[in-house]
Amino acid sequence: MEIGIVGLPKCGKTTVFNALSKGYADIGPLSASATKPNLGIAKVLDSRLRPLEEMFHPKKTVPAEVKYIDFPKAPDGPTKSQGIAGEFLNLLQRTDALLHVVRAFQDPSVPHVEGKVDPHRDLAAMDLELAFADLAILERRVERLESELKSAKTSEREPKLREHAALDRIKGELEREVPIREQQLSDEEAKILANFQFLTAKPMLIVWNIGEEDVAQAAAIEEQLKLQYSKQGVEIVALCGKLEMDLAEMDDEEAEEFRSDMGLQEPGLQRAIRSSYQLLGLVSFFTVGADEVRAWTIDRDISAVKAASKIHTDIERGFIRAEIISYDHLIQCGSLAEGKKKGLLRLEGKTYKVQDGDIINFLFNV
Ligand SMILES: Nc1nc2c(ncn2[C@@H]2O[C@H](COP(=O)(O)OP(=O)(O)OP(=O)(O)O)[C@@H](O)[C@H]2O)c(=O)[nH]1
Ligand SMILES: [Mg+2]
């Protein structure tokens, strides 16, 4: 699972990246010569891990992870593109979701290209860039189909005509500024689209990068923004990138103290990571034991046997049954043995749909 970070120049992309992945990539003027994307991994903090640790005292605990990619700034040049460097478009298209950073912080030492800081304007400008990238691809494909149709045999015409009609309609809506993720698609259109990797079709998390002085109002700002921008496939969080980056560099205790001094409640960063997780339609199941308590990431609604393959293909191949208890039931019972006595630890087969929070022990035979 990979999330691509996008945004206009100097909006704080690399800062947010560092905060998410606890990384040390150069920011600000130091990053001027950066030519390679930064890759990082964020651990998904899950409040269910701690009680499981207390129950099983494992040697180690492994949280779920999300990968983030931060792109260097687009080179100055004749193209109007501000937010997407052409050479990285492919990489961006391969990601599963976008994290769109919008500058809402005031800082005279970081001049804005447009002069004034205006996050609403910037958000719209970047959305437009994403739409342009998709339109360019749609136009090329539509033109190509038109020229192929001229010489196509009768038997080949039908599928090409259908693809043409679908793409042309989607293109028309995109030109009216409806991102693909908000368009109503027929099953056939969705199938045709699956062959492409359109940017405006990806789920998007907007990170409203507020200044240090606004941190106390973060929750209120976020509430307001949600009314305006939350939609199907779009989530929004308000956080101060710079502060979160500083906090990510501290150890837990120090960070905790700092947060309470600042009056910060739930870390903005954790909300951002969790939102990315939800946007992607991901859930976690857990494996537990004296060696390891571990969260595993899967798509919502996948089968027990597919979930097993996340751990090892041997477990998938030799799958017999899965012993499952829900997280809530396990906590109520206090132990697996008690869960079994109460009949809450049950046996499920290959096709069982794994639920968020299931505690699973796979029985297999190789
Ligand atoms: N005051 C303040 N400054 C910030 C904040 N976030 C980022 N900055 C500053 O803004 C400047 C640009 O931040 P970067 O993270 O490098 O921004 P970027 O979007 O990666 O920039 P490019 O990759 O060059 O497009 C740096 O000097 C940061 O310290 C913030 O929340 N508050
Ligand atoms: Mg950067």
Side-chain angles (χ1 to χ4, degrees), residues 1 22 41-67 96 203 235 251-253 255-256 259-260 265-267 269-366:
M1 282 299 159
K22 292 189 183 282
I41 289 175
K43 303 210 176 311
V44 182
L45 296 177
D46 189 323
S47 58
R48 295 172 295 192
L49 284 172
R50 181 60 66 79
L52 291 176
E53 274 177 334
E54 282 161 8
M55 195 178 291
F56 294 96
H57 307 288
K59 291 199 196 98
K60 65 174 184 192
T61 302
V62 186
E65 291 175 342
V66 182
K67 273 191 208 135
D96 302 290
E235 266 309 323
D251 61 43
D252 290 351
E253 217 165 280
E256 190 52 48
R259 274 186 206 288
S260 69
Q265 290 145 5
E266 201 204 356
L269 207 59
Q270 280 181 37
R271 288 205 313 276
I273 296 170
R274 236 198 2 245
S275 291
S276 344
Y277 208 67
Q278 280 163 1
L279 263 180
L280 287 166
L282 301 176
V283 298
S284 298
F285 73 87
F286 301 97
T287 51
V288 295
D291 265 348
E292 181 182 270
V293 161
R294 181 162 183 163
W296 301 84
T297 304
I298 50 169
D299 290 333
R300 198 171 286 150
D301 284 340
I302 74 165
S303 64
V305 68
K306 266 273 151 283
S309 74
K310 286 272 162 186
I311 302 178
H312 203 288
T313 46
D314 279 353
I315 308 183
E316 180 187 15
R317 259 187 289 130
F319 186 99
I320 303 169
R321 284 198 179 287
E323 280 184 316
I324 300 183
I325 182 167
S326 73
Y327 172 82
D328 289 340
H329 281 152
L330 177 62
I331 296 300
Q332 277 163 29
C333 295
S335 72
L336 286 171
E338 191 61 24
K340 196 166 198 168
K341 229 196 260 165
K342 294 212 165 94
L344 294 168
L345 183 78
R346 51 196 204 280
L347 281 172
E348 299 282 0
K350 283 186 177 178
T351 56
Y352 167 78
K353 294 236 178 306
V354 176
Q355 304 294 306
D356 186 39
D358 277 349
I359 316 278
I360 308 186
N361 177 30
F362 291 104
L363 307 175
F364 65 104
N365 177 351
V366 281

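Heavy-atom basis, side chains included; hydrogens, waters and symmetry copies ignored.
A distance of 6.5 Å separates CG of Leu52 from CZ of Phe56, quoted to the nearest 0.5 Å. Between Ile324 atom CD1 and Leu345 atom CG the span is 9.0 Å, to the nearest 0.5 Å. How far NZ of Lys341 is from SG of Cys333: 10.0 Å, rounded to the nearest 0.5 Å. With rounding to the nearest 0.5 angstrom, the CG atom of Asp328 is 6.5 Å from the CD atom of Gln332. Here the straight-line distance linking atom OG1 of Thr297 with atom CZ of Phe285 works out to 9.0 Å at 0.5 Å rounding. Note: Asp96 CG to Asp299 CG = 9.0 Å, rounded to the nearest 0.5 Å.
In this structure, Leu282 and Ile298 have side chains that are not in contact, with every pair of non-hydrogen atoms separated by 4.5 Å or more.
In this structure Lys342 satisfies the side chain to side chain donor-acceptor pair (under 3.5 Å) test together with Glu338, sequence neighbours excluded. Contacts of Glu65 classified as side chain to side chain contact (heavy atoms under 4.5 Å, CB included), with partners at least two apart in sequence or in another chain: Ile41, Lys43. With sequence neighbours excluded, the residues that form a side chain to side chain donor-acceptor pair (under 3.5 Å) with Asp291 are Lys59. Checked against side chain to side chain contact (heavy atoms under 4.5 Å, CB included), Arg50 has the following partners two or more places apart in sequence or in another chain: Glu53, Glu54. Met55 pairs by the side chain to side chain contact (heavy atoms under 4.5 Å, CB included) definition with Leu330, Ile331, not counting sequence neighbours. Applying the side chain to side chain donor-acceptor pair (under 3.5 Å) criterion to Ser326, with sequence neighbours excluded, gives His329. Considering only residues two or more places apart in sequence or on other chains, Asp46 meets the side chain to side chain contact (heavy atoms under 4.5 Å, CB included) condition with Arg48, Leu49, Ser284, Phe286.
Evaluation of the salt bridge (charged side-chain N to carboxylate O under 4.0 Å, His left out) test over residues 307-318, restricted to residues two or more places apart or in two chains, returns Lys306-Glu316, Asp314-Arg317. Counting only residues at least two apart or on different chains, the salt bridge (charged side-chain N to carboxylate O under 4.0 Å, His left out) pairs with a member in residues 346-355 are Arg346-Glu348.
The shortest non-hydrogen separation linking Leu336 to Ile325 is CD2-CG2, 4.0 Å. Taking all atoms of both residues into account, the shortest heavy-atom contact from Thr61 to Pro63 is O-CD, 3.7 Å. Residues Ile315 and Ala308 approach most closely at CG2-CB, 3.9 Å, considering heavy atoms. Closest non-hydrogen pair, Gly349 versus Phe319, comes out as C-CE2, 3.8 Å.
Asp252 CG: 12 or fewer foreign heavy atoms inside a 6.0 Å radius.
Checking side-chain atoms of Ser276 against main-chain N and O of Ala272 turns up a donor-acceptor pair under 3.5 Å.
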All N/O donor-acceptor pairs, side-chain side in residues 358-366, below 3.5 Å, sequence neighbours left out:
from	atom 1	to	atom 2	distance (Å)
Asp358	OD2	Tyr352	OH	2.7
Asp358	OD2	Gln355	N	2.9
Asn361	ND2	Glu323	OE1	2.8

Met1 and Leu280: CA distance, side-chain angles, deciding distance, side-chain contact (heavy atoms from CB on, under 4.5 Å) verdict
CA-CA 8 Å; Met1 282 299 159; Leu280 287 166; 4.2 Å; yes
